[in-house]
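Accompanying notes for the structure given below.
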There are 2 protein chains.
Amino acid sequence: MLDDRKASILRAVVQEYIETAQPVGSGRVSAAPGVDVSSATVRNEMAVLENEGYLAQPHTSAGRIPTEKGYRYFVDTIGAPGALRGEQAKQVKAFFARAHGELEEMFESTSRLLSGLTAWTGVVVPPSAADVAIRSVQVVGLAPSTALVVTVLADAMVEKHSVELPADVGDDVVARASLHLAAQLTGTMRGAVPADVATTGDADTDGVVGAVIEVLRRTTPADTAEEVFVGGASRVASAFDAVETVQQVLSVLEEQLVVVTLLRDVVDRGLQVAIGTETGMETLADAALVVAPYTVDGERAGSIGVLGPARMNYPEAMAAVAAVSRRLGHHLTEG
Amino acid sequence: MLDDRKASILRAVVQEYIETAQPVGSGRVSAAPGVDVSSATVRNEMAVLENEGYLAQPHTSAGRIPTEKGYRYFVDTIGAPGALRGEQAKQVKAFFARAHGELEEMFESTSRLLSGLTAWTGVVVPPSAADVAIRSVQVVGLAPSTALVVTVLADAMVEKHSVELPADVGDDVVARASLHLAAQLTGTMRGAVPADVATTGDADTDGVVGAVIEVLRRTTPADTAEEVFVGGASRVASAFDAVETVQQVLSVLEEQLVVVTLLRDVVDRGLQVAIGTETGMETLADAALVVAPYTVDGERAGSIGVLGPARMNYPEAMAAVAAVSRRLGHHLTEG
DNA sequence: GCTGGCAGTCGGTAACATCGAGTGCCAGCT
DNA sequence: AGCTGGCACTCGATGTTACCGACTGCCAGC
């Protein structure tokens, strides 16, 4: 839509603004590489860009800052995703080389990795458990009428739910139910627990089995608030200058369900980047989100992202998110 | 140490400052209830209080603000812990009345409750698992040479650890090891897993058993970074005016181990309140922490706290923390 | 059609006066 | 002896004014 010159001027404004967080004047733009016209020409072009909504002027005698539309154009014309800087690439490599242990820890530290790579806040949404096979089910009695059902999934995630038992039953009944359930459910997808399973012939045991099945069906991962891992939330403090904004963004990050929905939504819309209101949240008007899904065994699993101010370094953030999502998927596929 | 008049003047300054966050002048103090002397007298006394380190003056022509020592005196002379305001008491009651379900959820929402009651950030440290009996142990094979050991404790907490198996063993061996471990460990304290258990006679099985035991001993809860639940972290943004401080406090909250240690440390020193440097952390110099341990079955279990600015409403925060810790302990004891 | 030049705008900064909240001190009253 | 009213003084906050400089928009000329 924009001719080459306007495009390069817009690019220069965005890059300069990202770096300095100060309104950019025609002088600076004219001096920027890729712009070989005088500042007067730049002024004329910038006036047009402002009219068309790519730039804005805080006040008459100030330079321009990019609008949401301006950032959007910039992001859309970046072209190649770009590679990480050597140092960062090394950091990512080192991270996945020594990554091991619990999945939760892995996700947690991946979010911190993202934060470290970009100087903003990292977010990791684990794979939805619905499409993962159940590896083991165990029911453990806790009190006379409550038990805990612990489910291990094939991807090493562990779920637990407390179950209200229909009647005061003994440990032996619970144990029998546990074995029965393990036999019946091992191998089925977590999201496809059948409503009724084979009966055992013993009423008490069947009661326990039924209660557990019901809980497992009710808490199918897709419906449940899934966990999300946030790393580097403190960076939010330095990302925005208005205290109010900081507070609002932190509030968003505190609500796991909101964050999960947000990421999923952006990914589903096919976006790599959601800028300001594109996120669909008013409270994130000054923020931007760079996301990427990652695949495990060729299937889209979860997603990761970086949340920062609208004036974040998109090429860098996109490179970081792309690199981490690729390696994370790989890592999880390997097992 | 302070005579009645000085004490009441100090009290008035602290209360006023907590309310307005503005330096308090002699006029205001003189008008405060409990202070029945002229502003001139107040001025004289305030000069003394400043000399003795209870008050400070931001600049010559301003009022006084309390120092750490001033807050400390205030807190030490509050006397009765004070009751919650009716509305809040109702809120706490309602919360515990409908509390149910997973322990994690419970702790999570308790931290939010604390935050809601005080307008600051709530923190909940779950009971240390070391002194809790193991209710069930199960080993689940994931890949040829890795397995997951899932431990259910008597207090409904679930732990999981991945285990590197010594040799590629079949599912049957893992299953046998699992049963053997369950039989051997059920009932022992999580913190007292014995170094060697009875052998099974089968070398492969014993290999798996040994690996699991080693992991369980290595990850004894006391040594491990224990989880902590933080609610209302976004409140930090409005608690301090310097962005830098906000950022530092958020950083502290991001480090679970630091927070756990902090709370435990303060409780162990027998304090209910740690003000500024009393927390032992430079980055919390402008903050204060109100803590309380809670007891389950009469034993000290975990602790809860509220983190806010040094000028927080101590009576209110202490009442909230006391009430919640009492009811939380009660709730967990009931089971 | 680009560019240098120029008048004009307006935020930011500095210098300066003013205001007022608050202090320290002192003389006088009880 | 101790409290208090009074008073001079301090100093941040607020407002005024002037000025600087970074920009802009526009225009005439190359």
Side-chain angles (χ1 to χ4, degrees), chain A residues 2-67 70 241-242 311, chain B residues 2-67 70 241-242 311:
Chain A
L2 297 179
D3 57 61
D4 280 3
R5 198 167 66 184
K6 284 196 188 62
S8 61
I9 287 173
L10 179 53
R11 238 192 306 282
V13 172
V14 173
Q15 269 160 350
E16 194 74 14
Y17 186 65
I18 282 171
E19 217 170 295
T20 65
Q22 298 290 329
V24 186
S26 57
R28 290 189 164 279
V29 174
S30 163
V35 179
D36 290 321
V37 289
S38 74
S39 63
T41 308
V42 171
R43 280 201 286 284
N44 288 328
E45 296 289 46
M46 289 209 301
V48 177
L49 285 170
E50 182 174 359
N51 257 329
E52 299 188 349
Y54 293 99
L55 295 177
Q57 221 175 355
H59 52 264
T60 317
S61 71
R64 305 299 210 290
I65 62 176
T67 60
D241 17 50
R311 52 165 195 75
Chain B
L2 296 178
D3 58 63
D4 280 1
R5 198 166 67 185
K6 285 197 187 65
S8 60
I9 288 174
L10 178 54
R11 239 189 307 280
V13 172
V14 172
Q15 268 160 351
E16 193 74 16
Y17 186 66
I18 283 171
E19 216 169 296
T20 64
Q22 299 288 331
V24 185
S26 56
R28 289 188 165 280
V29 174
S30 163
V35 180
D36 291 320
V37 288
S38 73
S39 64
T41 308
V42 171
R43 281 200 285 284
N44 288 327
E45 295 289 45
M46 291 209 300
V48 177
L49 285 170
E50 182 174 359
N51 257 328
E52 298 188 349
Y54 294 98
L55 296 176
Q57 220 175 353
H59 53 263
T60 318
S61 71
R64 306 300 211 288
I65 62 177
T67 60
D241 17 49
R311 50 162 196 77

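Quick note on labels: first sequence line is chain A, next is B, and so on, each numbered from 1.
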Q) Checking Q57(A) side chain against I65(A) main chain: does a donor-acceptor pair fall under 3.5 Å? A) no
Q: Describe the nucleic acid contact of A40(A) in one word from base, sugar-phosphate, nothing, applying a heavy-atom distance below 4.0 Å.
A: base
Q: In whole angstrom, give the distance that lies between atom CG of D36(A) and atom C1' of dT3(C).
A: 14 Å
Q) Between dT23(C), dC3(D), dC11(D), which nucleotide has the shortest distance from any of its atoms to the side chain of T41(B)? A) dC3(D)
Q.
With a 3.5 Å distance limit and no angle check, can you tell me whether S26(B) reaches the backbone of V42(B) through a side-chain donor-acceptor pair?
A. no
Q: May I have the distance from D4(B) (atom CG) to dC3(D) (atom P), rounded to whole angstrom?
A: 13 Å
Q: Check whether any side-chain N or O of R43(A) sits under 4.0 Å from OP1 or OP2 of dA22(D), and answer yes or no.
A: no
Q) When the distance from CE of M46(A) to C1' of dC23(D) is rounded to whole Å, what number comes out? A) 8 Å
Q | L49(A) CG to dG25(D) P, straight-line distance once rounded to whole Å | A | 11 Å
Could you go through residues 28-38 of chain B and list every donor-acceptor pair under 3.5 Å that involves a side-chain atom there, pairing it with any protein atom two or more places apart or in another chain?
residue: R28(B); atom: NH1; partner: E16(B); partner atom: OE2; Å: 3.1
residue: S30(B); atom: OG; partner: V37(B); partner atom: O; Å: 3.0
residue: S38(B); atom: OG; partner: A40(B); partner atom: N; Å: 3.4
residue: S38(B); atom: OG; partner: T41(B); partner atom: N; Å: 3.3
residue: S38(B); atom: OG; partner: T41(B); partner atom: OG1; Å: 3.2

Q: Rounded off to whole Å, could you give me the CD-to-P distance for the Q22(B) and dG12(D) pair?
A: 15 Å
Q. When the distance from CD of Q57(A) to C1' of dG25(D) is rounded to whole Å, what number comes out?
A. 10 Å
Q.
Which is more 5' along DNA chain C, the nucleotide nearest A47(B) or the one nearest N44(A)? Just name the residue.
A. N44(A)
Q: Decide yes or no, distance alone: a donor-acceptor N/O pair under 3.5 angstrom between the base of dC11(D) and the side-chain of S61(B).
A: yes
Q. Are R64(B) and dT23(C) close enough that a side-chain N or O sits under 4.0 Å from OP1 or OP2?
A. yes
(Q) Mind checking if R28(B) touches a base, just sugar-phosphate, or nothing, with heavy atoms under 4.0 Å? (A) nothing
Q. Taking atom C1' of dG2(D) as reference, at what distance in whole Å does atom CD of E45(B) sit?
A. 11 Å
Q) Does dC9(D) have OP1 or OP2 sitting under 4.0 Å from an N or O in the side chain of T60(B)? A) no
Q | d(CD1, I9(B); P, dT4(D)) in whole Å | A | 10 Å
Q: Answer yes or no: does a side-chain N or O of S38(A) lie under 4.0 Å from OP1 or OP2 of dT3(C)?
A: yes
(Q) For the CD atom of E45(B) and the CD1 atom of I9(B), what is their distance to the nearest 0.5 Å? (A) 5.0 Å
